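Letters A, B, ... mirror the listed sequences (proteins, then strands); counts begin at 1. No experiment lies behind these values; they were computed from the predicted model shown.
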Number of protein chains: 2
Amino acid sequence: MPKTSIAPAKFTHIQCGACPIRHRAVCARCDDQELSRLEETKYYRSYEAGQTVVWSGDRMDFVGSVVSGIATLTQTMEDGRRQMVGLLLPSDFVGRPGRETAAYDVVATTDVVMCCFRKKPFEDIMATTPHVGQRLLEMTLDELDAAREWMLLLGRKTAREKIASLIAIIARRDASLKLAKSEGQVVVDLPLTREAMSEYLGLTLETVSRQISALRKDGVIEIEGKRHIIIPDFDRLIEEAGDDSDGGFLV
Amino acid sequence: MPKTSIAPAKFTHIQCGACPIRHRAVCARCDDQELSRLEETKYYRSYEAGQTVVWSGDRMDFVGSVVSGIATLTQTMEDGRRQMVGLLLPSDFVGRPGRETAAYDVVATTDVVMCCFRKKPFEDIMATTPHVGQRLLEMTLDELDAAREWMLLLGRKTAREKIASLIAIIARRDASLKLAKSEGQVVVDLPLTREAMSEYLGLTLETVSRQISALRKDGVIEIEGKRHIIIPDFDRLIEEAGDDSDGGFLV
DNA sequence: GGCATTGGTTGATCTAGGTCAAGGTCTGGT
DNA sequence: ACCAGACCTTGACCTAGATCAACCAATGCC
């Protein structure tokens, strides 16, 4: 495609044309030259469920975003205590421009496809294309907000509130939500094992299991199988989560 | 001291000439025009210890950075449980470009001087001056890292480890460190009450008090008065903090 | 100087959640 | 069909930290 004159506000997305979710993607109004420079270095990688994408401390020479599946960022202490510090859903960004080595373990929780860019060219484009950096700033600020909400959860919520919060958080970001919500109830498929939930919430997996059972017994949620959850009354769940600010979403 | 000619390679900082700490400030290599645009909207505000700078949910039409003193970001649940989610030391940035209302209570823990810019002009400058956004991205990424370290602390560390971690964190950012370190021991003045510490750490203030006493009894720290702490062996403190990655600082 | 207030310590007791242990259920492989 | 292994649940018991309460030491105010 030949470069035409000054295009009228082209909204292009760095990651790729194929990535289904655009609204949170690293996006830019790039001209063709910029786009092609990125396209050159773009590539896809797939990971199987359970596979580690990068180990904390390892050299990480790419950045990217999750196209499909779910990955986590986790910190580990010497004695093995683990705390999840990031939950990466499709469209989320991975990697830090300007950093050499990974600061956290990145693990594929389900099968994951990622859209990657080698870091060096990406950084070059960031330096020359303000849009990219601006979008990245926006996304990083969102992540910081999420981290702070998460800190309240870790520091002050009870186990029951933590579980309710997690279910609400996942429900809010789950695509299935929009469909099911209109039918009066919210349905979620938990993409995490009980152990992963415990690492997210700062609990043991036994406590997670018990509190899920308790919420079921009290009618806050219904469970089919292990992972499929029906929320008959979302407001009730929010109440159980003890959320003050509900993330400004869906209430 | 009279102002001399145009300094070579102007590294100017948005916040102001007076702000003592420059390395973490929102900095830019601005030309004179850009600088003057910012100068126009710059102003200082002082707050007394204990005073609330902004309430969560309030309109916040400025951004700024801490010049002196210490402020905190805190989240509160309906029933009054409180969790600190940000500790703002001199040079730290406050406020989120692109957001209308404050998401957290901002409280001056000590007397605080802040260097502020009205948000609208600041955002305009961000849009036209890439350096500013780039610096802000860098700072936000640092904050995100700090938040994730904090999440590990909240989710997995024992009360004793939390206290040791907090002392280490403050010591690392304390200016007095450099002097004292060279003399073989590290000296810190805790800028927080026991209650503020408990809100930082997700503990009660009684537990904070007890664990500080315990660390003193075990010789990890020495205490003069209530707030003045001497760390005879910083490595020992780090060990007590259970830190895996020690923030890449001072070890 | 007396007294209230704020910030801190310490003790006694209670409990939410951790730990240890025994099963249960599902899935895939042979 | 049987088995192994991952994943989950539930029970019994224990402990770190919360809660409740008394008290101490500065500081500021009249």
Enquirer: Rounded off to whole Å, could you give me the NZ-to-C1' distance for the A/Lys162 and C/dG17 pair?
Expert: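 Going from A/Lys162 (NZ) to C/dG17 (C1'), I get 9 Å.
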Enquirer: Rounded to whole Å, how long is the line connecting atom CD1 of A/Ile163 with atom P of C/dA16?
Expert: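 That distance rounds to 16 Å.
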Enquirer: If we ignore hydrogens and angles and just use 3.5 Å, is the side chain of B/Arg96 paired with the main-chain N or O of A/Asp145 as donor and acceptor?
Expert: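 No: the side chain of B/Arg96 does not pair with the backbone of A/Asp145.
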Enquirer: Rounded to the Å, how far apart are A/Leu205 CG and C/dG17 P?
Expert: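 After rounding, the reported distance stands at 15 Å.
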Enquirer: Using whole Å, what does the distance between atom C1' of nucleotide C/dT5 and atom CD of B/Glu195 come to?
Expert: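 From B/Glu195 CD to C/dT5 C1': 14 Å.
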Enquirer: Can you sort out which residues in residues 211-221 of chain A have a heavy atom within less than 4.0 Å of DNA chain C? Ascending by number, please.
Expert: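 Those residues: none at all.
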Enquirer: With a non-hydrogen cut-off below 4.0 angstrom, is A/Ser209 in contact with a base, only sugar-phosphate, or nothing?
Expert: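 Result for A/Ser209 = base.
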Enquirer: How close or far is atom P of D/dC8 from atom CD of A/Glu224, stated in whole angstroms?
Expert: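 Rounded to whole Å, this separation is 17 Å.
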Enquirer: Quick one: what's the B/S/- string for nucleotides 18-27 of chain D, heavy-atom cutoff under 4.0 Å, read 5' to 3'?
Expert: SBB-------
Enquirer: Looking at A/Glu48, is its backbone amide N or carbonyl O close enough to the side chain of A/Asp111 to form a donor-acceptor pair, meaning the two atoms are under 3.5 Å apart?
Expert: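 Not confirmed, A/Asp111 side chain does not pair with A/Glu48 backbone.
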Enquirer: I'd like to know if B/Asp92 and B/Arg173 make a salt bridge, using a cut-off of under 4.0 Å between side-chain N and carboxylate O.
Expert: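 Here B/Asp92 pairs with B/Arg173 in a salt bridge, since their nearest N and O are under 4.0 Å apart.
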Enquirer: What distance separates B/Leu141 CG from A/Glu143 CD, expressed to the nearest 0.5 Å?
Expert: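 Spacing of CG (B/Leu141) from CD (A/Glu143) equals 8.5 Å.
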Enquirer: I'd like to know if A/Arg216 pairs up with A/Glu222 as an ion pair, taking the criterion as any Lys NZ or Arg NE/NH1/NH2 lying under 4.0 Å from an Asp or Glu carboxylate oxygen.
Expert: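 A/Glu222 and A/Arg216: not salt-bridged.
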Enquirer: Rounding to a whole Å, what distance do you find between B/Met197:CE and C/dT6:P?
Expert: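 In whole Å, C/dT6 P and B/Met197 CE are 19 Å from each other.
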Enquirer: Would you kindly give the CZ-to-C1' distance between B/Arg227 and C/dT6, to the nearest whole Å?
Expert: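 That distance rounds to 11 Å.
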Enquirer: Between B/Arg194 and C/dT6, does any side-chain N or O lie under 4.0 Å from OP1 or OP2?
Expert: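 No, no such contact exists.
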Enquirer: Work out how much the helix from C/dG1-D/dC30 to C/dT30-D/dA1 bends between its end axes, five pairs an end, to the nearest 10 degrees.
Expert: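 Comparing the axis at each end, I get an angle of 30°.
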Enquirer: Check the distance between D/dC8's P and A/Glu199's CD and give it to me in whole angstrom.
Expert: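 Checked: the CD to P distance equals 12 Å.
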Enquirer: Would you compute the distance between atom CG of A/Asp243 and atom CD of B/Glu78 and round it to the nearest 0.5 angstrom?
Expert: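 Between atom CG of A/Asp243 and atom CD of B/Glu78 there are 8.0 Å.
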Enquirer: Where the side chain of A/Asp218 meets the backbone of A/Val220, is there a donor-acceptor pair that is under 3.5 Å apart?
Expert: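 Checking the backbone N and O of A/Val220 against the side chain of A/Asp218, no donor-acceptor pair under 3.5 Å is found.
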Enquirer: Please identify which of these residues, B/Gln211, B/Arg210, B/Lys157, B/Glu240, meets the side-chain contact (heavy atoms from CB on, under 4.5 Å) condition with B/Ile163.
Expert: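 By the side-chain contact (heavy atoms from CB on, under 4.5 Å) criterion, B/Ile163 pairs with just one of B/Gln211, B/Arg210, B/Lys157, B/Glu240: B/Gln211.
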Enquirer: Among B/Glu195, B/Glu199, B/Met197, B/Lys162, find the residue that satisfies the side-chain contact (heavy atoms from CB on, under 4.5 Å) test when tested with B/Val208.
Expert: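 Among B/Glu195, B/Glu199, B/Met197, B/Lys162, the one that satisfies the side-chain contact (heavy atoms from CB on, under 4.5 Å) with B/Val208 is B/Met197.
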Enquirer: What does A/Arg160 touch in the nucleic acid at a heavy-atom separation under 4.0 angstrom: a base, only the sugar-phosphate, or nothing?
Expert: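 Since no nucleic acid heavy atom lies under 4.0 Å of A/Arg160, the category is nothing.
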Enquirer: Does A/Glu161 come within less than 4.0 Å of A/Arg156, counting only side-chain N to carboxylate O?
Expert: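 No.
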Enquirer: Just by distance, with hydrogens left out, do B/Thr76 and B/Arg82 show a side-chain donor and acceptor under 3.5 Å apart?
Expert: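 Yes.
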